[in-house]
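Each chain gets a letter, A, B and so on, in the order the sequences are listed, and its residues count up from 1. Source: prediction; values computed, not measured.
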Amino acid sequence: MPLLDIQNISIRFGGLTAVADFSLTMGDHDIYGLIGPNGAGKTTVFNMLTGVYTPTSGTMTFDGESIVGLKPYNITKKKIARTFQNIRLMKNLSVLDNVKISFIYQEKYGLTSAILRLPSFFHEEEDVQKKSLELLKVFHLDDKKDEMAANLPYGEQRRLEIARALATQPKLLLLDEPAAGMNPQETQELTELIRWIRKTFKISILLIEHDMRLVMSVCEKIVVLDYGKIIARGTPDEIKANPKVIEAYLGEEAAHA
Amino acid sequence: MKKLMACVLSLALTVSFSACQAGPSGSSAGGDTGASAQNSAASGETIKIGVVTPLTGQTSSFGQSAKKGLELLEEQVNSAGGINGQKVDFLVQDDEGKAATAVTVGQKLINSDKVVAIVGPLTSTCANSLAPICQQYQVPMVTGTGTNTKITEAGDFIFRTCFIDPFQGQVMAKFASEDLKAKTAAILFNNGDDYSKGLAEAFKSNFTSKGGRIVAEETYNTGDKDFNAQLTKIAPKKPDVMFLPDYYSTVAVIAKEARSAGVKATFLGGDGWDSSELFSIGGDAVNGVYFSNHYAADDTAKEVVQFIKDYKAKYSNTVPDAMAALNYDAGKVLLESIKKAGSTDANAIKEALKSYDGTVVSGHIKFNEKRDAVKAAVIIKTVDGKEKFFKKIQPDA
Amino acid sequence: MSLVEFLQQLINGLSLGSVYALIALGYTMVYGIIGLINFAHCDVYMVGAYIGYFVATDLHLPFVPTLLVAMLGTAIAGVLIERIAYKPLRRSTNISLLITAIGVSLLLENGFNWLFGGNPRTYPHDILQQSNVELGPVHSDTLHLIILGTSLLLMILLQVVIYRTKIGKAMRATSTDKDAAELMGINVDTTISATFAIGSALAGAAGVLVAILYSSIDPYMGIQPGIKAFTAAVFGGIGLIPGAFVGGIILGVIETFVTAWYSQLSGAIGFIVLIIILIIKPSGLLGKKVSEKV
Amino acid sequence: MSVSLTASLKKLGIFLAASVAVFVVFTLLISTGVINAYYKRILMTICINIILALSTNLIINFTGQLTLGHSAFMAIGAYAAAAISLKTGLPFVLSLIFGGLVAGLFGFLIGLPTLRLKGDYLAITTMGFCQIIVVAIQNIPQLGGAQGLPGIPGKTTFAWVFFCMILTILVLHNVVSSKQGRAMISVREDEIAAEAMGVNTTRYKVMAFTLGAFFAGLAGGLYAFLMMFIEPTTFNYFKSIDLVIYVVLGGAGNFAGCIASTSILTFLPEALRAFGDLRLVIYPLLLIIIMILRVKNIRVMRLVKMIGRHKGGKEGDSHAAA
């Protein structure tokens, strides 16, 4: 049984069909890439997958259960996590608190325990504190745990966003242009990081990215979207050789690659 | 940890800051009062009387009149040598027309300024809220305009020199059915105002018990200026009379709109109608109206004539309105009782008030066992832009 | 309810609604451009009525000059308020601006109460001759028709200003993105001042017209119509000029009919309707759903 | 932030000891007459306003939902507590709790549909709700209608308001420093991101609203038994606006600031009373000036922070490279 099975999802906004008949199947520990020119509908696919939009038609099953029509927070509970194209950290909160947000749904104690400070409160809070710090350590952010997220440099904000997404304990991680705005060295580090995340956390990753070097080097399979439709899918080498892709999107960049 | 400590600290600091203010602002409280107290002879002791009335906010116009009435009284009494050889000092405080503020300033007067008695509060709401406090501290309180029945129920230190809401409603209902021979009536009142609602309820029950029929009962809310929806509904029911228990600035607008909506009924009202501005706002629509009042400005009784003369002299020819007269009366009843008691002891004043029997601007006043004034009402008819005395109605024994 | 009564109530509703619409236009315009609930708008309306009062009683000017002087006066007042109180806070949170606007509102109300006393003043309503207009079995009067006409005219005029003129283009640009507008060479300060000037002039005109209609003024006269007009603006979709007009008219009509049916509700009905509408359509009647870009 | 049991207990102990100390000092000052009944009443009003402000603070500053109708819950609490005490003779403390619970229930019922509205739309809706409650009470003769409800026993004492305030501080402090509080803050910061991290934002918005309503109801009950007479217009949206002013001046999500600003702003009108009618002109003038200065001050702070960040950023970069 595949981890993620998307069959023919479409979405229309008014008269405009933003994404049509999108299908994708992912297994455990896959890293797939989703590429395409600006406005092709890549982020819209993410938004449907995470419940921000509900597809007009089509089915999406994750881990054997349908996730169509679920609220975003319920999809997170089903173990799909995401980052955002335009970083959406809690800017006025500390780095540590940003990660702790992701544990809220996993903590079981109720309002009464919180108000009366029952033992369960202390146990779970301690646990969350520990887990959050561990995660930050992995991402080399532990020495900045008390800094305000807004004050982090750009590359670290991206890293923190990934750490925060991982804290929700996903089986599938959706990364929306994680390399945007990074310099080549940072992108290189990111490439390593993505591979390392898959290995360490044993999860699948779906990646939207414009940086072809990154996509080609980490993704096992690539899906190409243009005007809301899939125009090609295959391994990086197949995609590189696909004339349709080159025509629609890669064109000159492929020449450079 | 730090946060919680900061909470405690900031609380302690701000509160002690407020406590430190106690001294100076407590002693400078007389700032509001008229200059008359100072320029009269400096005899040692003064009798401090608190006045609680709205000087700001949406009822401030009534409070300003009340203040003028009482300042006139203060001047008159002090130039005549004061009470029991002591000067009188009215300490006027603004209650903003709000219940909570009335209590706060009331306590300031009672606890910080140590007044011997309080005149006011002006509105029923404020009087209702301050009454239990005055009772608690055993400070006599005389309201000249708080017409809500429940005010004096707070205890035996609470007095009222005006009539209560039900009385005016009853007077007008009786007048409508007996004098005007009205069979049907419409009522349009302010649902959010205690005074308006109180009068309307009393009118309704009395009018129906006299065999009349209420054909329409409509309401509006404070601040409304457009009554066409209600009036359009009332007009086809052709009531003989329409009872409008509210203040002049509102009823004048209602009267105008009612006439253009085709309401032909005779308008009836309460003491809130009494104002010289009534005609300038309402124009022709407010002629031929009957309303109950405490006194008539064209009354020839010597108290009325004298009061109007003095008031005009002091305030550049302004004609006093009911608020000025009623609060003047409340102050006067209180001062005469203090004089009679011969001391400023609260219990002595209370007893003197209980047995008060005298004539003031708004007529003869005696308190009943509920400490409400028993006095006659007058019916005023408006003719050609003027208020004319029409009839006096004695209270039922 | 007979047909005649129904028609008369409809006319009553339209009349009341046109008053709301007239005040709501200025509210919504300021909101549309700078996103501020200008709580002081209804007090600028009061200031306009007072200016009109003094001009008409002390200078004995006729109606049109009175109206123009009041509009000029409130335009200046509006610009001053913006420059002194709002401008320093332009880049801070909405809620800080809201508090400041409330401060300005209280300042104007209490300031006028302190300066001119709380007594209602009779408005010189004879500067505009009013007469009843019979339309078959139903009736209205000239003043209501003038107010309805004025608000309709002003709505169209505002649309023209905002969509057909240079300053309108600057306003729209400022409303979309202040910084970008600045970079494109638009003088944001001037544009916002112009917005306040126009919005406040509208309030001034409304103040004079409504004061003539209801014959008296006092320092707190703006509170209730202000709330109603604001409700109307939100009802129609705040920030949209036609929304203010449509919202005002519909609110007036609904209020009138509900009041005629059960007047006990009159104080709350506007809000009840508003809440129902917003729950069904969270951005108001004419408002478009704006979904945040994710 | 420490989450251990012992540290937490120690903290609680110190806070309670400090509170009791403050209480003892004030009780002494009151009993010796240094604080007379007038100042005592202002003190009690301050405590009640602090409860109201902190509950508003939870909704506005922590959860980021602008409400202009919080006084409606105060009204509901006041009337519920007073009415049940008058009708059934329920003991004072139970009446207070009853008032809070009824208000909380209303908070829940109102919050559920309205909290999906945002910003100004939520503001006007809550304001409308407040007006509806006031008009509703005016139309219920059993509650005294527009004429008000007199004859409420004066059972609220300084000890009651003080310890109810301490209780409110403790409970709300515990809430905001728990996962529930973090969830509320995440709603304020970025609703979409919060949902993506598994936070059921509606649930926490309604929770904040309900809790806030409960404490406002509690404050309402205390107010009713202090005033002995209540009437509906006391609780109109002007009161709600006062509360918003308290919490905005208190600073974002800040307990101490909120308490300080509430105390000062409650006392300010009394201090200004010597100015007569002019005080109502001075008050808004001060408000505007404070708002402007506050922004200026924040800008200065931001500049300082920016310089600090510049330094910190450099260190961070070098570390990341290492």
Do D:R273 and B:V105 pass the side-chain contact (heavy atoms from CB on, under 4.5 Å) test, and can you show the C-alpha distance, the side-chain angles, and the key distance before you say yes or no?
-> CA-CA 9 Å; D:R273 223 165 261 293; B:V105 297; 3.1 Å; yes
Which atoms of B:Q136 approach chain D - backbone, side chain, both or neither, heavy atom under 4.5 Å | side chain
Could you tell me whether D:K239 atom NZ has more than 12 heavy atoms of other residues or ligands within 6.0 Å of it?
-> yes
Run the side-chain contact (heavy atoms from CB on, under 4.5 Å) check on B:V103 and D:M228 step by step: do they pass?
-> CA-CA 10 Å; B:V103 173; D:M228 301 185 262; over 6 Å; no
Applying a strict 4.5 Å limit to non-hydrogen atoms, the region of D:V135 in contact with chain B is side chain
Do any N or O atoms from the side chain of B:K197 and from the backbone of D:G145 form a donor-acceptor pair under 3.5 angstrom?
-> no
side-chain contact (heavy atoms from CB on, under 4.5 Å) between D:F229 and B:T125: does it pass, once the steps are laid out?
-> CA-CA 9 Å; D:F229 168 79; B:T125 300; 4.0 Å; yes
Name the region of B:T149, side chain, backbone, both or neither, that has any atom closer than 4.5 Å to a heavy atom of chain D.
-> neither
Nearest 0.5 Å please: distance from the CD atom of D:Q147 over to the CD1 atom of B:I151.
-> 10.5 Å
CG on B:N191 to CG on D:N139, rounded to 0.5 Å | 4.5 Å
The interface call for B:Y195 against chain D, heavy-atom contacts under 4.5 Å, is neither
Which heavy atom of D:A146 sits nearest a heavy atom of B:G192, and at what distance?
-> CB-C, 3.7 Å
Would D:E231 and B:D194 count as a side-chain contact (heavy atoms from CB on, under 4.5 Å) if you check the C-alpha gap in whole Å, the side-chain angles of each, and the deciding distance to 0.1 Å?
-> CA-CA 9 Å; D:E231 58 89 38; B:D194 49 357; over 6 Å; no
Side chain, backbone, both or neither of B:K98 within contact of chain D (heavy atoms, under 4.5 Å) | neither
From D:M227 CE over to B:L130 CG, what is the distance, rounded to the nearest 0.5 angstrom?
-> 9.0 Å
Inspect the contact between B:D94 and D:R279 and indicate whether a charged nitrogen and a carboxylate oxygen are less than 4.0 angstrom apart.
-> yes
Would you mind checking which part of B:N128 comes under 4.5 Å of any heavy atom in chain D, side chain (CB onward), backbone (N, CA, C, O), both or neither?
-> both
Contacting moiety of B:Q135, where chain D heavy atoms sit under 4.5 Å | neither
Gap between atom CG of D:N36 and atom NZ of B:K114 - 0.5 Å precision | 6.0 Å
Considering non-hydrogen atoms only, spot the tightest contact between D:P150 and B:K150 and give its length.
-> CG-CD, 3.4 Å
How far apart are the closest heavy atoms of D:Y38 and B:Q107, and which atoms are they?
-> CB-O, 3.5 Å
Bottom line for B:N190: the part with an atom under 4.5 Å from chain D's heavy atoms is neither
